[in-house]
Amino acid sequence: MYNAMDLTQKIYFNLMKVPKGKVITYKELAKSTNSRAYRFVGNCMKNNKFPDKIPCYKVVNSNGNVGNYSGKGGVKIKIKKLRFDGIKVVNGKIDLKRFGESLNNGGIQ
DNA sequence: CCCTTGACCAAAC
DNA sequence: GGTTTGGCCAAGG
């Protein structure tokens with residue numbers, strides 16, 4: 001069933017569970033799949049096959065930095081989308097205490 | 001198999 | 001505070 005999904009698929013699936021107005025870090029997203037491959041999460045976003053289906057812009061660095069984005073428009077658009085979701089981005093950073101979602105116990109492992 | 005490559009992380013400097 | 005360093009994991013060549 002779910003366990004049959006590739007790690008990549010699990011990552012995508014869990015990412016889509018992040019509620020509007022929240023973000024998740026690469027590390028937490030990896031953890032939600034019961035893995036520690038947080039670097040690989042970045043690769044999955046870069047290789048994203050469904051740019052329109054998957055909200056990659058919600059994935060940020062653990063230190064609160066917005067991080068990178070290779071979609072059209074680059075980081076600027078990433079920030080714009082985050083703000084559109086009601087997330088406050090100050091000087092390229094996000095307050096994870098307020099907007100971070102851990103999704104532990106809700107994600108597919 | 002071994003080697004390289006990342007949209008990263010935490011600690012050390 | 002910033003920058004560097006070593007570690008991390010899965011994919012692909």
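Quick note on labels: first sequence line is chain A, next is B, and so on, each numbered from 1. Atom set for the values below is all heavy atoms of this structure, side chains included, hydrogens, waters and symmetry mates excluded.
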Keeping A:Asn14 on the side-chain end and A:Gly107 on the backbone end, is there a donor-acceptor pair under 3.5 Å?
no
message = Does a side-chain N or O of A:Lys27 approach OP1 or OP2 of B:dA10 to a distance below 4.0 Å, or not?
response = yes
note: A:Asn34, atom CG; C:dA10, atom P; distance rounded to Å ~ 11 Å
Whole-Å distance, A:Leu7 CG to C:dA11 P, equals 6 Å
Describe the nucleic acid contact of A:Lys46 in one word from base, sugar-phosphate, nothing, applying a heavy-atom distance below 4.0 Å. base
To the nearest angstrom, the OH-P distance between A:Tyr38 and C:dA10 comes to 11 Å
Atom CZ of A:Arg39 and atom P of B:dG6 are separated, to the nearest Å, by 9 Å
Between CG of A:Asp6 and P of C:dA10 the distance, given in whole Å, is 13 Å
Describe the nucleic acid contact of A:Cys44 in one word from base, sugar-phosphate, nothing, applying a heavy-atom distance below 4.0 Å.
nothing
Q. Linking I/L/V/M/F/W/Y whenever any side-chain heavy atoms sit under 4.5 Å apart, do A:Val23 and A:Val18 land together?
A. no
Among B:dC8, C:dA10, B:dA7, the one nearest any side-chain atom of A:Ser70 is B:dA7
Hey, does A:Lys31 have a side-chain heavy atom less than 4.5 Å from the side chain of A:Asn104? yes
Atom CD of A:Gln9 and atom P of C:dA10 are separated, to the nearest Å, by 16 Å
- Message: I want to check one thing: is the phosphate of C:dA11, taken as OP1 and OP2, less than 4.0 Å away from some side-chain N or O of A:Asn47?
- Response: no
(Q) Regarding A:Tyr12 and A:Asn48, do their side chains bring together a donor and an acceptor under 3.5 Å, going by distance alone? (A) no
Find out if a path of hydrophobic residues (ILVMFWY) with successive side-chain heavy-atom gaps under 4.5 Å connects A:Tyr26 to A:Ile11. yes
- Task: Pick base, sugar-phosphate or nothing for A:Asn65, based on heavy-atom distances below 4.0 Å to the nucleic acid.
- Result: nothing
Here the distance between atom C1' of B:dC9 and atom NZ of A:Lys31, to the nearest Å, is 12 Å
By nearest-nucleotide position on DNA chain C, the 5'-leaning member of A:Lys93 and A:Asn43 is A:Lys93
- prompt: What is the nucleic acid contact for A:Ser62, judged by heavy atoms within less than 4.0 Å: base, sugar-phosphate only, or nothing?
  reply: sugar-phosphate
Please determine whether a side-chain nitrogen or oxygen atom of A:Asn61 lies at a distance below 4.0 Å from atom OP1 or OP2 of B:dC9. yes
Between CZ of A:Phe40 and P of B:dT5 the distance, given in whole Å, is 17 Å
